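First comes the structure, then the notes that go with it.
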Amino acid sequence: MTVMAATGLYPTASLAGIAAGGEAWWQSAVGYQIYPASFADSNGDGIGDIPGIIGKLDYLAELGIGFIWLSPVYASPMVDNGYDISDYRAINPIFGTMADMDRLITQARARNIGIVMDLVVNHTSDQHPWFRAARADRQSPYRDYYIWREQPPAKGSPADIEASFGGSAWRRDPQSGDYYFHLFAPQQPDLNWTNPVLRAEVHAMMNWWLDKGISGFRMDVIDLIGKQPEAGIVADGPELHHYLREMHEATLAERDAVTVGEAWSATPANAPLYSAPERRELSMVFQFDHITQFWDEKLGKWKPKSIDWPKLKATFATWQAALHGKGWNSLFWGNHDLPRAVSRYGDEGEYRVASAKALATALHLMEGTPYIYQGEEIGMTNAGFTRIDQYRDVETLDFHRIQLADGVAEADFLAGARANSRDNARTPMQWSAAPAAGFTSGTPWIAVNANFPHLNVEQDRADPTGVFQHYQSLIALRREHAVIRHGQFRALLPDHPALFAYERKLGSECLLVVVNMSRQDAVIPSAGLPTVQGRDLLTGRAVSTKAGTTLEPYAAFAVWC
Ligand code: GLC
Ligand code: CA
């Protein structure tokens with residue numbers, strides 16, 4: 001296998017290198033997630049595209065990011081906006097051509113930005129030639145690329161599994177009369193990872209992309225590939241880590257790529273299994289404890305709980321301790337499946353800018369690789385949709401149908417969707433006050449947030465105390481200070497309802513981070529924080545942690561201690 005260009009990007013170390021005490025490039029880099037349909041449209045068809053992304057590379061280079069996590073741009077019927085792939089080696093024409101993709105890789109690299117592709121291999125589209133062949137002929141070698149059963153499972157039996165987008169995970173295929181397994185939409189049949197031929201096929205495809213010069217993969221719902229539906233096991237199956245090690249050996253071993261595994265089931269106890277360097281599986285996990293703990297037990301994301309800061313802080317503290325020296329975590333508030341950070345955790349109104357910066361400070365100064373979701377760097381807010389016909393997301397539309405049939409009131413569902421629908425993060429990027437927020441010269445595929453005339457990149461960047469420049473400073477600080485990348489984390493004031501405070505220590509260096517996560521003034525208590533007076537590393541402002549000092553709503557600082 002050739003050792004490809006992904007290696008040349010940064011002064012780096014492989015997983016084996018880190019195991020031996022070195023540092024990997026992705027431990028000092030910040031990732032930026034692009035949801036291509038909603039980022040920048042170059043040709044006026046209302047859908048963001050790859051040339052649009054290329055046109056914004058200078059913007060991303062100025063922000064200072066190290067890599068782009070690119071949500072899927074592969075050939076796809078777009079039932080789940082590209083998370084249903086019909087050809088892993090082709091680009092969806094709505095996003096551009098393979099030549100555009102190659103240009104994106106080269107031009108990003110010229111700015112020291114790696115491209116991390118979304119690897120969606122838990123399932124394919126039902127339009128993938130493998131699935132077409134599988135359903136057309138029971139004898140096809142592709143039949144066993146998928147998971148079949150002759151009868152639907154008996155109600156309540158282990159195989160009677162519910163799909164993530166609602167309904168049974170088994171769907172009758174009219175062509176063969178058998179039932180195939182799908183954990184997401186019926187148009188997303190699950191691949192059968194117990195088949196070694198399928199696994200080799202995935203490895204070959206990964207090598208094909210890595211040889212093109214991409215810098216790694218974000219692995220979609222990767223904790224599901226070890227599933228054993230007949231035993232009722234969906235996540236974290238017994239063969240999962242065997243498959244990940246095999247994949248590493250076959251694709252990543254001699255390269256310096258980054259791999260980030262989306263794992264909704266990951267726990268502080270099992271996360272090191274994915275990410276401990278000596279295990280040679282993945283670079284890091286992307287887990288959701290801080291998200292799902294505020295979902296309803298029964299209605300899940302459709303009935304969010306309000307944020308309880310002491311609980312949320314405790315979750316971060318647990319994860320900081322669980323992976324320190326044992327693995328590596330991702331740090332994020334949002335992505336394309338989650339609401340906007342300021343809407344969920346901060347303040348959409350008077351304190352929008354302050355809360356966007358406060359959230360960024362609290363997150364970026366912990367240990368792990370931070371991810372910025374497009375628009376977060378200017379403090380974009382939830383979509384504010386009030387009618388079901390404004391939504392485009394398959395999950396939202398499926399659950400709308402299911403929950404209304406179950407007797408949930410329309411207004412209650414819409415309230416949940418307004419808080420937590422995935423479309424909150426999918427409205428077009430707000431570049432300027434021009435029509436359609438400068439995203440497209442045409443009609444956008446999903447409505448632009450009505451607040452774009454005063455909330456957009458141009459306006460935010462014109463403000464020297466805007467959100468963008470704050471992210472720039474945080475990214476630069478991470479590169480500069482090893483204590484931010486590797487320091488030991490200690491939670492401070494854990495029970496305080498508003499103050500998010502912690503200390504990071506590495507050798508003789510000590511960094512203190514204090515953030516007021518509320519709309520009220522907060523007063524520094526008489527005990528629990530080291531007393532320091534100094535300058536905020538981010539703004540240069542004089543700060544003090546003397547007992548009795550008042551912090552304004554969403555005030556945030558980092559100071560040497
Ligand atoms: C992941 C993706 C999500 C997608 C699902 C199925 O959770 O982030 O957008 O719908 O997997 O691929
Ligand atoms: Ca377009």
Side-chain angles (χ1 to χ4, degrees), residues 33-56 69-74 76-86 88 91-97 100 116-126 128 163-166 169 182-191 217-225 227 234-235 260-266 285-288 291-292 300-301 330 332 334-339 371 373 392-399 420-426 428-429 436 439-446:
Q33 186 191 353
I34 291 185
Y35 197 67
S38 303
F39 189 63
D41 175 24
S42 71
N43 62 354
D45 66 357
I47 304 169
D49 46 48
I50 297 170
I53 299 171
I54 295 172
K56 300 296 183 186
W69 153 18
L70 185 62
S71 275
V73 290
Y74 311 91
S76 162
M78 300 293 276
V79 169
D80 189 14
N81 285 355
Y83 284 89
D84 48 323
I85 296 171
S86 54
Y88 289 103
I91 299 296
N92 187 334
I94 65 170
F95 293 134
T97 62
D100 292 329
V116 170
M117 295 292 275
D118 216 312
L119 184 76
V120 188
V121 289
N122 173 70
H123 45 267
T124 66
S125 160
D126 63 349
H128 194 290
S164 278
F165 295 164
H182 65 91
L183 278 172
F184 295 90
Q187 298 90 336
Q188 293 168 297
D190 275 46
L191 286 165
F217 291 105
R218 176 266 183 181
M219 300 187 182
D220 193 62
V221 290
I222 202 67
D223 57 334
L224 306 183
I225 62 173
K227 70 183 76 73
V234 171
V260 43
E262 185 199 22
W264 289 80
S265 70
V285 285
F286 197 96
Q287 54 74 32
F288 296 85
I291 309 283
T292 53
K301 66 193 287 179
S330 306
F332 64 94
N335 73 6
H336 66 296
D337 295 329
L338 301 172
Y371 288 79
Y373 178 70
R392 299 287 175 269
D393 169 34
V394 59
E395 182 193 46
T396 308
L397 299 176
D398 278 1
F399 273 98
N420 251 338
S421 164
R422 307 195 299 180
D423 279 342
N424 284 307
R426 299 177 180 186
M429 180 74 185
F439 160 72
T440 179
S441 59
T443 307
W445 67 278
I446 186 171

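Values in this document were obtained by computation on a predicted structure and should not be read as measured data. Counting convention: from 1, in listed order, for ligands and their atoms alike. Heavy-atom basis, side chains included; hydrogens, waters and symmetry copies ignored.
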With the Ca ion (ligand 2) as the point of reference, which N/O/S atom of Asp45 is the closest?
OD1
The Ca ion (ligand 2) to Asp49: nearest N/O/S atom name
OD2
Audit row: Asp49, Ser42, side-chain hydrogen bond (donor to acceptor under 3.5 Å, both in side chains) steps and yes/no
CA-CA 7 Å; Asp49 46 48; Ser42 71; 3.0 Å; yes
Which ligand 1 atoms are under 4.0 Å away from a heavy-atom of [X]?
{"X": "Val221", "result": "1 (C), 7 (O), 11 (O)"}
{"X": "Phe165", "result": "10 (O)"}
{"X": "Arg422", "result": "3 (C), 4 (C), 9 (O), 10 (O)"}
{"X": "His123", "result": "6 (C), 12 (O)"}

For a side-chain hydrogen bond (donor to acceptor under 3.5 Å, both in side chains) check, start with the C-alpha distance between Asn424 and Ser421, then their side-chain angles and the critical distance, and finish with the verdict.
CA-CA 6 Å; Asn424 284 307; Ser421 164; 4.9 Å; no
Just do the side-chain hydrogen bond (donor to acceptor under 3.5 Å, both in side chains) check on Tyr83 and Ser71 with the steps written out, would you?
CA-CA 8 Å; Tyr83 284 89; Ser71 275; 2.9 Å; yes
Ring-plane angle category for Trp264 and Phe288, please: parallel below 30°, perpendicular beyond 60°, tilted otherwise.
parallel
Under 3.0 Å from the Ca ion (ligand 2) - does any N, O or S atom of Ser42 fall there?
no
Is the distance from the Ca ion (ligand 2) to some N, O or S atom of Ile47 under 3.0 Å?
yes
With ring-ring contact (aromatic ring centres under 6.0 Å, His included) as the test, pick out the partner of Trp69 among Tyr373, Phe286, Phe217.
Phe286
So for Glu395 against ligand 1, with non-hydrogen atoms under 4.0 Å, the contacting part is neither
Quick one: does Arg218 get a heavy atom under 4.0 Å from ligand 1?
yes
Atom 4 (C) of ligand 1 has as its nearest protein heavy atom Asp80 OD2, 3.3 Å
Taking all non-hydrogen atoms of both residues into account, name the closest pair between Ile47 and Asp41 and its distance.
O-OD1, 2.9 Å
Using the Ca ion (ligand 2) as the vertex, how large is the angle between OD1 of Asp41 and OD1 of Asn43, rounded to 10 degrees?
70°
